[in-house]
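Remarks on the structure that follows.
What you see below is based on every heavy atom in this structure, not just the backbone, and it leaves out hydrogens, waters and symmetry mates. Both ligands and their constituent atoms are indexed starting at 1 by order of listing.
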Amino acid sequence: MSARVPVLIVGGGPVGLALAGELGWRGVSCLLIEKTDGTIEQPKMDLVGIRTMEFCRRWGILDWVRDAPYPLDYPQDCVYLTALNGYELGRERFPGRGFEQCPPESPQKRERVPQDMFDPILRRFAQRSPHVSLRYNCEFISFSETTDGVRAQVRDTVSGAAETIEADYMVGTDGGSSAVREQLGIGMSGTPALTYTTNVMFRCANFPELHDKGKGYRFIFIGPEGTWLTIVSINGGDRFRMSIVGSPQKINHGEDDIRTALRRAMGHDFNYEILSVMRWVRRELVADRYGAGRVFIAGDAAHLMSPTGGFGMNTGIGDAVDLGWKLEAAIKGWGGPELLASYDTERRPVGLRNVAEASRNLRRMLSTRERLPGPEIFQPGAANDDARKDYGDWFAAIMRHEWFANGVMLGYRYDHSPIVMPDGTPAPPDVSHPYTQSARPGSRAPHVWLADGRSTLDLFGRGFTLLRLGPNAPGVEHIERAAADRSTPLTTVALAKPETLAAYERRLVLVRPDGHVAWRADAEPADAGALIDMVRGQSNEVRQQQLGQRT
Ligand SMILES: Cc1cc2nc3c(=O)[nH]c(=O)nc-3n(C[C@H](O)[C@H](O)[C@H](O)COP(=O)(O)OP(=O)(O)OC[C@H]3O[C@@H](n4cnc5c(N)ncnc54)[C@H](O)[C@@H]3O)c2cc1C
């Protein structure tokens, strides 16, 4: 029997590692167990989204991401083509990650850092904290819940030794076939098989010299049957991932199919080395609940989506950040009984939203199967160049929805959360592009540059932040006293800059530890204690009253 830990995390993929790091950053002790030795056989994710980068900023690990070995100048172009030695139909140009600019709505930008570079960064982040223990080669087998905790049975995968670990809370970040989710008896709803896809990692040192399409991040191949294959640059160098996209029909591509596909993509034979093959099913599934009692699920254990858009891990890291401060509050004693329950209320709708958008992106990529290219697209001649341009322009316009998606990454909201006080303003449309910042309660608090060079986002994180905005902002002593009386961490910050008031639209704004707006108004509420009780999950009577007054 091991000593009891406050939080046991099952699964050391990117989401488990991010949760361990977030908890450690908050001073909450946790133990992460991972059944493998941590080696990544085939990297899956490679897009670190803009919101995840904002979290990396808060965690103080931006330099590590910047210094990842993916070259800063490797062009990120997405190219639509018949073959590498065939016709280019269209192209969306993007600079190397070192040259992309931050958009006005964020102090950060997305990054291209594949999983075999990003997981070690998250692992280093987790290990930086003395509160985090990582145990590899340790498999979760089963658990039981007691009145005040969880008892997990685990097994050392090297020695075979069995052990019991006791914890106050347990989080399953154990991926798509989550044993934690299964043992909780939680089902998943949606579409179990969108495509049967085969991913092939291959090495080819002189790849860009074998064709005239130049360096690019993603090549999308369109044949007479529509989109059938993609090749992405995994490390901005000699490693690539080919995906035979497939269809909902079950298929098992063998080595001959793989070699035929590579030859067809290049337009002729070439030298390469196959590093690994991963056959996988593209799914559109969300767990029916995100936990039960003292056990929660996050990441792929809670939602499985098409990689189109790069939302999977990024959504999971959003789960981890939402859960992190709530676990801290529960363990340190200032969180009320409704706080951890709000994890499901807040994050499940985000899972449903992002899973649906990922499937829309898949349909966009496969729209060429609905509007098949005519034979002229594949035939030489200047007359056919016009047809190629028309077809390519049509497809490029469709694909822009996937490439420009800050609204998806930054615009998720907790509109119906029991710990967010609605202010009666109408919900802005939820669009992927362009993204318009909003300080409406439930939204990510807007980014504004401060006079000292920091972002407003740099003010948020450890506890609640109460913003007093503009000249002559009202006093906040009642809110401060109510928070202190309830041991709820709160820092008040006064910002006179007019741009901040313009972005936040109210003179008092209460921002949660995860950087989402909990409440805003132009004066303190009549009952500051009731407000603090609502945001810490103690009682949401005041929210019900406010909603009742509006109906
Ligand atoms: C081709 C492809 C490309 C993708 N690209 C992107 C992208 O660009 N951006 C993005 O955000 N997402 C992307 N995704 C999705 C992303 O990879 C996943 O969403 C992400 O890996 C999920 O992380 P996770 O930690 O939840 O689960 P996983 O990465 O599946 O990790 C789960 C971990 O739990 C461990 N585990 C399982 N069972 C047990 C047990 N019983 N005991 C102990 N440990 C256990 C596993 O060994 C594993 O290490 C892509 C996916 C694919 C397939």
Side-chain angles (χ1 to χ4, degrees), residues 8-20 31-53 110-119 122-123 134-143 152-157 165 170-183 194-195 197-201 217-218 230-232 234 241-245 276 278-283 285 287 297-320 351 354-355 358 361-362 402 405 408-409:
L8 173 63
I9 301 169
V10 178
V15 175
L17 289 168
L19 177 61
L31 167 65
L32 179 150
I33 58 168
E34 161 59 46
K35 69 179 177 185
T36 70
D37 65 2
T39 307
I40 295 153
E41 304 250 306
Q42 186 174 121
K44 294 186 286 180
M45 58 69 51
D46 55 25
L47 175 75
V48 182
I50 187 167
R51 185 61 175 151
T52 302
M53 286 307 299
R110 61 189 164 190
E111 287 285 346
R112 182 74 61 200
V113 182
Q115 191 175 1
D116 53 348
M117 299 178 192
F118 194 55
D119 272 17
L122 292 173
R123 185 169 169 173
L134 306 182
R135 268 177 71 182
Y136 287 85
N137 301 311
C138 182
E139 183 178 14
F140 164 85
I141 304 294
S142 62
F143 81 96
Q153 315 302 320
V154 306
R155 187 179 67 93
D156 185 307
T157 55
I165 298 174
M170 184 169 83
V171 185
T173 51
D174 48 347
S177 45
S178 166
V180 174
R181 185 190 66 229
E182 200 179 294
Q183 289 182 32
L194 297 171
T195 67
T197 301
T198 302
N199 281 7
V200 181
M201 286 278 296
Y217 160 65
R218 175 173 300 197
T230 65
I231 293 181
V232 303
I234 283 293
R241 182 179 62 219
M242 172 181 82
S243 299
I244 308 175
V245 181
S276 64
M278 182 175 91
R279 296 178 183 84
W280 58 286
V281 186
R282 191 187 307 259
R283 304 188 191 280
L285 293 174
I297 52 174
D300 276 18
H303 39 72
L304 285 166
M305 61 190 87
S306 170
T308 37
F311 305 138
M313 175 202 73
N314 291 300
T315 307
I317 290 186
D319 299 340
N354 292 2
V355 162
N361 279 339
L362 174 67
E402 179 171 341
V408 182
M409 296 286 191

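- Of all protein heavy atoms, the one closest to atom 3 (C) of ligand 1 is Lys44 O, 3.2 Å.
- Taking CG of Asn199 as the start and CE of Met278 as the end, the distance is 4.5 Å to the nearest 0.5 Å.
- Considering backbone and side-chain N/O of Ala298, none are found under 3.5 Å from N/O of ligand 1.
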| Between Leu47 and Met409, does a side-chain contact (heavy atoms from CB on, under 4.5 Å) hold up when you go through it step by step? | CA-CA 11 Å; Leu47 175 75; Met409 296 286 191; 3.9 Å; yes
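- Within ligand 1, counting atoms from 1 as listed, the ones closer than 4.0 Å to a heavy atom of Thr173 are 32 (C), 33 (C), 34 (O).
- Here the CG-CD distance, from Asp119 to Glu34, works out to 9.0 Å after rounding to the nearest 0.5 Å.
- Each of the following atoms of ligand 1 lies closer than 4.0 Å to a heavy atom of Gly13: 25 (O), 31 (O), 33 (C), 49 (O).
- Using a 4.5 Å heavy-atom cutoff, the side chains of Met170 and Val10 are in contact.
- The structure places CZ of Arg155 at 13.0 Å from CZ of Phe140, a figure rounded to the nearest 0.5 Å.
- Looking only at protein heavy atoms, the nearest one to atom 37 (C) of ligand 1 is Asp174 O, 3.3 Å.
- Judged by distance alone, with hydrogens and angles left aside, the side-chain atoms of Arg241 form no donor-acceptor pair with the main-chain N or O of Thr230 at under 3.5 Å.
- The closest heavy-atom contact to atom 19 (O) of ligand 1, among the options Asn314, Asn137, Ile40, Asp300, comes from Asp300.
- Atom numbering of ligand 1 starts at 1 in the shown order; those under 4.0 Å from a heavy atom of Phe311 are 11 (O).
- Heavy-atom contacts of Thr36 reach the following atoms of ligand 1: 47 (O) (cutoff under 4.0 Å).
- In this structure a side-chain-to-backbone donor-acceptor pair under 3.5 Å is missing from Thr308 to Asn361.
- Those atoms of ligand 1 with a heavy atom of Gly299 less than 4.0 angstrom away are 26 (O).
- At the top of the distance list for atom 40 (C) of ligand 1, counting protein heavy atoms only, stands Phe140 N, 3.8 Å.
- Remark: minimum distance from atom 25 (O) of ligand 1 to any protein heavy atom is reached at Val15 N, 3.0 Å.
- Residue, atom and distance of the protein heavy atom nearest to atom 13 (C) of ligand 1 are Met45 CB, 3.3 Å.
- Nearest protein heavy-atom contact of atom 11 (O) of ligand 1 is Met313 N, 2.8 Å.
- In this structure, atom 29 (O) of ligand 1 lies nearest to the protein heavy atom Pro14 CD, 3.5 Å.
- Of the inter-residue distances, the one linking Ile165 atom CD1 with Gln153 atom CD reads 9.5 Å to the nearest 0.5 angstrom.
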| task | For the pair Val355 and Leu285, evaluate side-chain contact (heavy atoms from CB on, under 4.5 Å) and give the outcome as yes or no after the intermediate values. | result | CA-CA 7 Å; Val355 162; Leu285 293 174; over 6 Å; no
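- At a heavy-atom cutoff of 4.0 Å, ligand 1 is contacted by the backbone of Cys138 but not by its side chain.
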| task | In sequence, state the C-alpha distance, the side-chain angles, and the governing distance for Tyr136 and Ile33, and then conclude on side-chain contact (heavy atoms from CB on, under 4.5 Å). | result | CA-CA 6 Å; Tyr136 287 85; Ile33 58 168; over 6 Å; no
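- The N/O atoms of Met278, backbone and side chain alike, include none that comes under 3.5 Å of an N/O atom in ligand 1.
- The line from OG of Ser276 to CE of Met201 is 5.5 Å long, rounded to the nearest 0.5 Å.
- Taking distance alone, with nitrogen or oxygen atoms compared against 3.5 Å, Lys35 approaches ligand 1 more closely than that limit.
- Not a single heavy atom of Ala18 sits under 4.0 Å from any atom of ligand 1.
- Counting heavy atoms from C-beta on, the side chains of Leu362 and Leu194 come closer than 4.5 Å.
- For a threshold of 3.5 Å applied to N or O pairs, the pair formed by Leu47 and ligand 1 contains at least one separation below that value.
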| message | Applying side-chain contact (heavy atoms from CB on, under 4.5 Å) to Glu139 and Val154, what does each step give before you reach the verdict? | response | CA-CA 5 Å; Glu139 183 178 14; Val154 306; over 6 Å; no
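- What sits closest to atom 49 (O) of ligand 1 on the protein, heavy atoms only, is Glu34 OE1, 2.7 Å.
- Atoms of ligand 1 found under 4.0 Å from any heavy atom of Gly310 (numbered from 1 in listed order, with element): 7 (C), 8 (O), 9 (N), 10 (C), 11 (O).
- Residue-ligand proximity, Asn199 to ligand 1, at heavy-atom distances under 4.0 Å covers atoms 1 (C).
- Remark: ligand 1 and Asp46 share an N or O pair separated by less than 3.5 Å (distance only, no angle test).
- Interatomic distance, CZ of Arg51 versus CG of Asn314, reported as 11.5 Å (0.5 Å rounding).
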